[in-house]
2 protein chains.
Amino acid sequence: MKISELSKRSGLSIDTLRFYEKIGLIEPPPRDDAGRRDYPEAVLGWIRFLDQLNATGMKQADRIRYARLRAEGPATYAERRAMLETHRTEIARRLAELEETLALMDRKVAHYRALEDETQKETTNV
Amino acid sequence: MKISELSKRSGLSIDTLRFYEKIGLIEPPPRDDAGRRDYPEAVLGWIRFLDQLNATGMKQADRIRYARLRAEGPATYAERRAMLETHRTEIARRLAELEETLALMDRKVAHYRALEDETQKETTNV
DNA sequence: GCTTGAGCTGGAGTGCACTCCAGCCCGTAA
DNA sequence: TTACGGGCTGGAGTGCACTCCAGCTCAAGC
């Protein structure tokens with residue numbers, strides 16, 4: 001798969017794909033005769049996973065560390081598991097935070113509706 | 001309340017408090033005779049609310065817009081409510097995303113545990 | 001065989017949200 | 001009365017995560 005196709009299918013820009021390779025998030029893919037990157041299909045799954053870690057707040061440095069451990073093979077299973085467990089904890093914390101704020105938004109919206117009704121009434125009375 | 005006390009009680013650094021004032025997130029507080037900021041108690045509640053918007057992913061520009069609307073009074077109730085409703089939708093989206101990834105973390109952790117057991121067995125067999 | 005377009009590299013630039021700094025003033029304690 | 005700590009301002013600097021650019025090569029189509 002050429003870089004332009006991977007870009008379309010992954011949703012990452014071409015520049016970001018090369019950037020991710022440079023910082024070690026994506027393994028350098030094989031090149032064709034002209035020196036152009038030729039990605040394996042499997043990279044798509046990995047990118048989707050990276051996206052999920054990213055979207056749920058894992059820091060770049062940690063994603064890079066995970067990628068490096070992954071490249072080192074079975075010897076790093078325990079360490080990778082520990083990282084995901086840590087991230088799981090962080091996600092749970094953020095879930096609670098979001099739920100709390102969701103409830104707050106609902107209360108505030110209801111409050112504003114009430115205030116708008118008040119304002120409406122006053123306006124009507126004039 | 002002096003800025004150092006507000007810093008301690010709000011968890012924001014003194015620099016951040018002044019920065020927030022500069023960009024319009026916090027109203028300029030009255031000054032004492034020496035020209036030093038003297039914050040009202042009420043600012044703490046506002047900062048906590050800002051924190052919550054921040055922690056749940058609202059952009060600086062939007063928080064500033066909300067702060068400006070708030071300063072304009074009752075005429076902006078509807079607009080403020082619309083902003084919070086939009087943010088509520090965004091929070092709900094992120095909740096779903098986090099839940100999905102939480103489940104993924106659990107699956108992956110279980111997977112790694114299984115792999116570690118395998119590795120353990122092999123090592124034992126040698 | 002020349003134009004076009006995709007891809008390449010190294011490095012500079014961007015936007016966000018702070019964070020730090022120099023050099024100043026002022027009020028209180030020794 | 002002077003030393004100190006806290007506060008002030010405007011502006012420069014930081015870290016993160018990209019994003020853009022100049023100037024190059026190469027392959028394929030007309």
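One finds a salt bridge joining A:E41 and A:R9 here, because a Lys/Arg side-chain nitrogen approaches an Asp/Glu carboxylate oxygen to under 4.0 Å. Using a 4.0 Å cut-off between charged side-chain N and carboxylate O, B:R80 and B:E72 make no salt bridge. Between B:D32 and B:K2 no salt bridge is recorded (no basic side-chain N to carboxylate O distance below 4.0 Å). Using a cutoff of 4.0 Å between basic side-chain nitrogens and carboxylate oxygens, B:E85 and A:R113 are scored as salt-bridged.
As rounded to whole Å, 10 Å separates atom P of D:dG7 from atom OH of B:Y39. Distance, A:K2 NZ to D:dA27 P: 11 Å, rounded to whole Å. At whole-Å resolution of the value, CD in A:E5 and P in C:dA6 are 14 Å apart. In this entry the distance linking CD1 of B:I14 with C1' of C:dC20 reads 13 Å, nearest Å. Rounded to a whole Å, the CD1 atom of A:I3 is 9 Å from the C1' atom of C:dC8.
A:W46 is not listed as a side-chain neighbour of A:E27, based on a closest heavy-atom distance of 4.5 Å or more. Side chains of A:E21 and A:P29 form a contact here, defined as non-hydrogen atoms less than 4.5 Å apart.
Of the residues in residues 40-53 of chain A, not one comes within less than 4.0 Å of DNA chain C through any heavy atom.
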All N/O pairs under 3.5 Å across the protein-nucleotides 23-29 of chain C interface:
none

Anything under 3.5 Å between a protein N or O and an N or O of nucleotides 9-12 of chain D, put it in a table, one pair a line.
unit_1: D:dT9; atom_1: OP1; unit_2: B:R31; atom_2: NH2; d: 3.0
unit_1: D:dT9; atom_1: OP2; unit_2: B:R37; atom_2: NH1; d: 3.1
unit_1: D:dT9; atom_1: OP2; unit_2: B:R37; atom_2: NH2; d: 2.7

Under-3.5 Å N/O pairs linking protein and nucleotides 16-18 of chain D:
unit_1: D:dA17; atom_1: OP1; unit_2: A:Q60; atom_2: N; d: 3.2
unit_1: D:dC18; atom_1: OP2; unit_2: A:Y20; atom_2: OH; d: 2.8
unit_1: D:dC18; atom_1: OP2; unit_2: A:Q60; atom_2: NE2; d: 3.3
unit_1: D:dC18; atom_1: OP2; unit_2: A:R63; atom_2: NH2; d: 3.3

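For the side chain to side chain contact (heavy atoms under 4.5 Å, CB included) test, residues two or more places apart in sequence or in another chain that qualify with B:R48 are B:L44. Applying the salt bridge (charged side-chain N to carboxylate O under 4.0 Å, His left out) rule to B:D62 yields no partners; only residues at least two apart in sequence or on another chain are considered.
Judged purely by atom type and a 3.5 angstrom limit, A:S13 uses its side chain to pair as donor or acceptor with the backbone of A:T16.
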